[in-house]
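Take a look at the structure set out below.
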Amino acid sequence: MYRLLIVDDEEDIRRGIARGIPWAELGFEVAGQAGDGEEAVGLLEKTQPDVVLSDIRMPKMDGIELMQYLYANKPEIKIIILSGYNDVEYLNMAIKNRVTE
């Protein structure tokens, strides 16, 4: 089973993703939740995620900065980005940080 860390500054969204998707049926365990990238970095050792599902726009450390951190320090972790924004600059940063889709 893969371990998943969910990162979003909106608690309702975070909870909805964690509870509204049948993760276990998909082979995932929700290992933790964080309100921003800074909190996520602090949870990496504790949660040992295989995948980080993150919003892009968040206070403190946003999704781009989190991607950059993971790429430099934990390249084995796969990253999934969620965003309600259609922003080419964010998309380009995601591609540069090896986000595949």
Discussion item. Can you tell me which residue among Val7, Val52, Ile56 is in a side chain to side chain contact (heavy atoms under 4.5 Å, CB included) with Ile81?
Written reply: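 Of Val7, Val52, Ile56, side chain to side chain contact (heavy atoms under 4.5 Å, CB included) with Ile81 is met by Ile56 alone.
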Fill in: Test applied, side chain to side chain contact (heavy atoms under 4.5 Å, CB included); reference residue, Leu53; option that passes from Asp8, Leu5, Ile6
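Single pass found, and it is Ile6.
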Worksheet item: Between Arg14 and Gln33, is there a donor-acceptor pair closer than 3.5 Å when you use the side chain of the first and the backbone of the second?
Response: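 It does not hold such a pair.
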Discussion item. Check whether Asn73 reaches the backbone of Tyr69 with its side chain - one donor and one acceptor, N or O, closer than 3.5 Å.
Written reply: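 Answer holds: yes.
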Practice prompt. Report the residues that fulfil side chain to side chain contact (heavy atoms under 4.5 Å, CB included) with Glu25, sequence neighbours left out, ordered by chain and then residue number.
Written response: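 Per chain and number, Glu25 pairs via side chain to side chain contact (heavy atoms under 4.5 Å, CB included) with Pro22.
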What's the spacing between [X] [atom1] and [Y] [atom2] if we round to 0.5 Å?
X: Ile64; Y: Arg57; atom1: CD1; atom2: CZ; result: 9.5 Å
X: Leu26; Y: Met1; atom1: CG; atom2: CE; result: 9.5 Å
X: Asp50; Y: Glu29; atom1: CG; atom2: CD; result: 9.5 Å
X: Met67; Y: Ile79; atom1: CE; atom2: CD1; result: 6.5 Å
X: Leu44; Y: Leu70; atom1: CG; atom2: CG; result: 6.0 Å
X: Glu10; Y: Ile17; atom1: CD; atom2: CD1; result: 9.5 Å

Which atom pair, heavy atoms only, marks the closest approach of [X] to [Y]?
X: Asp36; Y: Lys60; value: OD2-CD, 3.3 Å
X: Gly32; Y: Thr47; value: CA-CG2, 4.1 Å
X: Met58; Y: Gly35; value: SD-O, 4.1 Å
X: Pro49; Y: Ile77; value: O-CG1, 3.5 Å
X: Leu66; Y: Ser54; value: CD2-OG, 3.8 Å

Discussion item. In this structure, would Leu82 and Ile21 fall into the same cluster of hydrophobic residues linked by side-chain contacts under 4.5 Å?
Written reply: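 In one cluster: yes.
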Worksheet item: Going by the ring-ring contact (aromatic ring centres under 6.0 Å, His included) test, which pairs reach into residues 37-58, not counting sequence neighbours?
Response: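 Residue pairs passing ring-ring contact (aromatic ring centres under 6.0 Å, His included), neighbours aside: none found.
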Practice prompt. Sort and list the pairs that fulfil ring-ring contact (aromatic ring centres under 6.0 Å, His included) and have at least one residue in residues 9-63, not counting sequence neighbours.
Written response: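 Passing the test, one end in residues 9-63: Tyr2-Phe28, Trp23-Phe28.
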Discussion item. What I'd like to find out is whether the side chain of Glu45 reaches to under 4.5 Å of the side chain of Lys74, using heavy atoms alone.
Written reply: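 Side-chain contact under 4.5 Å: yes.
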